Amino acid sequence: MMQQYMKELEQDPFDAEEFVERLAWRTIAETKKSGEDDFNPILLHDSFVQAIKDLTLLEERQQKRCERLEATVRDDETLFRREIHGLQENNKMAAHTFQGLDEKINHVATKVLHLGDQLDSVNGPRSRVVEAQRLMAHLNDFMSANPLSSPLYSDPTKIDEAADIIQKLHIISQDLPDLNSLKSKIEVKYDETERALIEEFKAKQRQDDFQRMKEIANVLSQFKNYSQCINAYIEQSQAGCLLNKDVFGHLLPLCERNYQCIKEVFNNPEQVMAKFILNIYHLKLQEYISGKLSQKMDIYSYLCILYELYSKTNQLSIGLAALDMGYDLIFLNKLTSNIFSKHIENYIEHELKCFKERSSANLQKYYESKNHQKKQIQSGGFQDLKRDIQAAIATRANINIAQIENYGGETFLSEELAITILQDTKHAFQRCQLLSKYEEKASNATYILDRLLNSLLIEHVDYALELGLQAVPVVEGAKSPPTLYFFKVVHQANNITHLLEKQYTDLVLPLVLNTPKYNDCVTKKKFVMDDIERKVNNGLDRSMNAIITWVKLYLQSEQKKTDYKPESDDFTMMVSPPCKTVVQFVNTMIDEIKTTLDGNNVTAVLQELGIGLHRTIYDHMLQFQYNTAGAMVAICDLNEYRACTKLLGPLVTKLFETLHALCNLLLVKPENLQQICSEDSLVELDKSVVNNFIQLRSDIKNQKQAIIKV
C-alpha cells in the first residue's frame, strides 16, 4: 500500500481531493467484493484512519531521507568550495607569470627589431653594390665586340634571371650617350628575350600551367610590351569562339572560365578582363553580327535575325553583369548599342516597309483565294439617299431598279488573316521595344499602330463592312423573306476588333504610356473604331428595316379580311397562316442575332427589332374589322407574336401586353367594355388609341349606344 501511496503522491500535479476520492472508492469496491451490498461507514472510517497512519509513517521516512541528503549536499559544498579556492589561487599565479613573460617577449622583440634595422642598413648598400657589380659585368659583356660569353642568355631554364638583367641593362642604356652600338645590342637582346617569354607564356597557356604563366607575367610586367602578353592570352583564349554552333551560349562560360584564370595569372585582373570583354564585343561579336546581317536576304528575315542577335547580345550582357567582373549593365548595353548602331539606324523604315509588304501580300492572297477583286466603294450621304429612293420605288411600283449583290453570303472577313497580321505586328512591337532608341520608342510604336489600323481595320474590316452594307437586300415584295448576311459580318468584325484591342492593351500602351504620343494613339484608334461602329450601326439599321419591311409587306399581301371576320362561327383555325410564317421568320432572325452579336449589341438590336415588329403588327391590325370569331383568331395570332418576342426585352414585352389588352376589346361584350377600359393595362393609354380599336368591332353599328358610353 505504501508503494501505491508513493505513486499517487508523486503525480504532477497532485490533487488532494482526488486522492481522498480514490481511497474512498477503493474501500467501497472492497466492500462489494466481500458480498456486502449495504454501505458500511465503519469500514470507510477504519480505512481513512489506517491511511492517515500510513501517510504519517511515510512522512517520517521521507523527512529522515531528506535530512540525510541535505547533510551529504553540505559536505559536497564544503569540499567544492575548498577546490574552487585552490583553483583561484593557481589562476592568479598563472596570470602573474604570463604578464612577466609578455614583458620579456616585448623587450626581446624590441631588441630584435633594432638589430634588424642595423643589419638592413649594413646589408642594403652591400646588396646594391653586389647587384651593381653583377650588372657592370654583364654590361661589359655587351660592350665587347665578341658574342655574349655568359651562359645565362643561352640557358632556357634561366630565362627569368636573364630577363631581369636585360630589363635593367635596357633602362641603364637609355641614359648612356654616344653608345649606339651598345644600345642596339641590348635592344636586340631585350626584344629577343621578350619574344621568348611571350612564346613560353603561350605554350604554358596551352598546357594550362597557370603557375608558370603567373611567373612569366610578373617578369613581363616590367617590359615595355607587356600588353602583347595580355593580347596573346586573349587571342589564344578566344580563338575559334565564333566557330561554335551556339556562339552566344559559348561566350558566357568562356568569360567566366577565363576570369578565374586571369585572377590567378595577372596582377591586374580587372584591366585584363576589361580588355578581354572589349575584345569580345568590338572584334568577335561585331565580326559575327556583321557577317550574319550582311548576307543576302529579304527584309523580313533581316529584321528577325537582327532582333534575335540583339536579344542574345542583351542576354549575354545581363549574364556578364551578374558575374560581377567590374562592369555594370549600363556600360555593357552601351557596347551593344555601338555594335548595332549602323544596323538599327534606319530600323523603323525597314519595319514599316516590311509590314506594309507582308500585310498587302496577305490581303491580296486572301482575296485571290475568294476569287474577288477589290473595288472602289462609294459611300456616304448621297449613296444612302440613292439607295433609299430605289427602295421606295421598288416597294411601291414593284420594280427592281436596285442591283444588290450579296456575293453568295461571303463576308470577306477572315479571323485567320487577322491573326496573321496581328502576329506580324506583335513581332514588330517587340522589335520596336528592343531596337528603338529610348526617345524614339513611342513615335515608332505610333507608326506601327497606324499601319496596323490601316491594314487590318480600314483595308479589311471596313472594306468588308462596306460590301456587307451594299449586300443588305432592299425588300421589293412579300414573295420571299430577305436573306441577311450582315449579322455574320458584324460577328466576325467584332472578333477581329477584340483581337486588335487586346494587342493594343498588351503591346502598344506600355510603349506610349506617359508620353506625348499616347493621345495620338488613342485619337487614331478611336477615329477608326468610331467609323467602323457607325457602319455597323448603319448596317444593323438596314437589316432591321429589311426584316420589318418584309413582315409588313407579307402581312399586307397574305392576311385576308376573312381571317379576322369569318362568315360563320364554324371554324377550326386558331392561328392564321400569315402569322405562322411571320413568327417562323422572326424566330430565325432572333436566333441569328443572338448567335452573331454580343454584348450590348444583342440587347439593343433585339429591342429595336421588337419595337419595329410591335409598330408593324399594331398598324396591321388597324386595317381590319373583327367579329367575335375573328377577334379570337387575332388574339391567337397576338399570343404567337408575344411568345416570339418575349425575349426581346421588358419594353417589348410590355408593348405586346398592352396590344393584347387592346385586342381583348374586340372580343368582350359591349356592356363589359367599360370595365376592360378601366384596367391597369389600358388606363394609361390615350383614349383615342382605345377608341380606334373599339371602332374595329364588326358590331360597332348595332351596339353603338352601349359602346358610346365607353
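Given the structure is predicted, the values throughout are model-derived calculations rather than measurements.
Not one N or O on the side chain of N545 forms a donor-acceptor pair closer than 3.5 Å with the backbone of D541. At least one donor-acceptor pair under 3.5 Å links the side chain of Q623 to the backbone N or O of D619. Not one N or O on the side chain of D450 forms a donor-acceptor pair closer than 3.5 Å with the backbone of T446. Judged by distance alone, with hydrogens and angles left aside, the side-chain atoms of N627 form a donor-acceptor pair with the main-chain N or O of P566 at under 3.5 Å. Remark: the backbone N or O of N494 is paired with a side-chain donor or acceptor of T497 at under 3.5 angstrom.
The structure places CG of L293 at 7.0 Å from CZ of F340, a figure rounded to the nearest 0.5 Å. Rounded to the nearest 0.5 angstrom, L449 CG and C521 SG are separated by 5.0 Å. For the atom pair R451 CZ and S360 OG, the distance stands at 9.0 Å (nearest 0.5 Å). The line from CD of E416 to CG of N362 is 12.5 Å long, rounded to the nearest 0.5 Å. To the nearest 0.5 Å, atoms CD (E657) and NZ (K646) are separated by 12.5 Å. Between atom CG of residue L667 and atom CD1 of residue I635 there is a gap of 4.5 Å, rounded to the nearest 0.5 Å.
Residue N600 places its CG atom among 12 or fewer non-hydrogen atoms of other residues, nucleotides or ligands, all under 6.0 Å distant. Heavy atoms of other residues, nucleotides or ligands lying less than 6.0 angstrom from CD of E439 number more than 12. More than 12 non-hydrogen atoms from other residues, nucleotides or ligands lie less than 6.0 angstrom from CD of E415. Atom CD of Q584 is surrounded by 12 or fewer heavy atoms from other residues, nucleotides or ligands within 6.0 Å.
In this structure, the side chains of T596 and V490 stay at 4.5 Å or more apart for every pair of heavy atoms. Between T653 and T645 there is no side-chain heavy-atom pair separated by less than 4.5 Å.
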Exercise for the section: Step by step, work out the side-chain contact (heavy atoms from CB on, under 4.5 Å) result for R542 and F486. Expected result: CA-CA 9 Å; R542 288 185 184 181; F486 193 77; over 6 Å; no
Problem - Test log, rule side-chain contact (heavy atoms from CB on, under 4.5 Å), inputs Y302 and C354 - result: CA-CA 10 Å; Y302 175 84; C354 174; over 6 Å; no
Exercise for the section: Start with the C-alpha gap between I448 and L352, add the side-chain angles, then the distance that decides, and say whether side-chain contact (heavy atoms from CB on, under 4.5 Å) holds. Expected result: CA-CA 7 Å; I448 298 172; L352 296 177; 4.2 Å; yes
Practice task
Assess whether side-chain contact (heavy atoms from CB on, under 4.5 Å) is satisfied between T425 and L422, documenting all intermediate values.
Solution key: CA-CA 5 Å; T425 53; L422 289 171; 4.1 Å; yes
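Taking both residues in full, the closest heavy atoms of M621 and Y626 are given as O-OH, 2.7 Å, listed atom of the first, atom of the second, then distance. What you find for G610 and F656 is that their closest heavy atoms are O-CE1, 3.9 Å. Listed here is the closest heavy atom pair of Y554 and T581: OH-OG1, 3.2 Å. The minimum heavy-atom distance between A445 and V512, with the atom names listed, is CB-CG1, 4.1 Å. The minimum heavy-atom distance between L511 and C432, with the atom names listed, is CD1-SG, 4.3 Å. V472 and G539 make their closest contact through CG2-O, 4.4 Å (heavy atoms, listed as atom of the first residue, atom of the second, distance).
Checked against a 6.0 Å centroid threshold, the rings of H620 and F624 count as neighbours. A distance of 6.0 Å or more separates the ring centres of H427 and Y307. Annotation: Y367 is in aromatic contact with Y463 [ring centroid separation under 6.0 Å].
One finds a salt bridge joining K525 and E501 here, because a Lys/Arg side-chain nitrogen approaches an Asp/Glu carboxylate oxygen to under 4.0 Å. Checked for salt-bridge contact, D530 and R534 miss the test: no charged N lies under 4.0 Å from a carboxylate O. Contact check on E459 versus K374 returns a salt bridge, with a Lys/Arg side-chain nitrogen under 4.0 Å from an Asp/Glu carboxylate oxygen. Electrostatic pairing of E640 and K580 does not count as a salt bridge here, judged by no charged N lying under 4.0 Å from a carboxylate O. For D520 and K524, the salt-bridge test fails: no basic side-chain N is under 4.0 Å from an acidic carboxylate O.
Using cut-offs of 30° and 60° on the angle between ring planes, the pair Y618 and H614 is parallel. Taking the six-membered ring where tryptophan is involved, the planes of H460 and Y366 are perpendicular, since the angle between them exceeds 60° and thus also 30°.
Of the residues listed (Q559, K561, K560, K565), the one engaging D563 in a side-chain hydrogen bond (donor to acceptor under 3.5 Å, both in side chains) is Q559, and it is the only one.
With a 6.0 Å cutoff to the six-membered ring centre and a 45° limit on the axis angle, R358 counts as a cation-pi contact of Y300.
Using modelled atom types and a 3.5 Å distance limit, the side chains of N444 and S436 yield a donor-acceptor pair.
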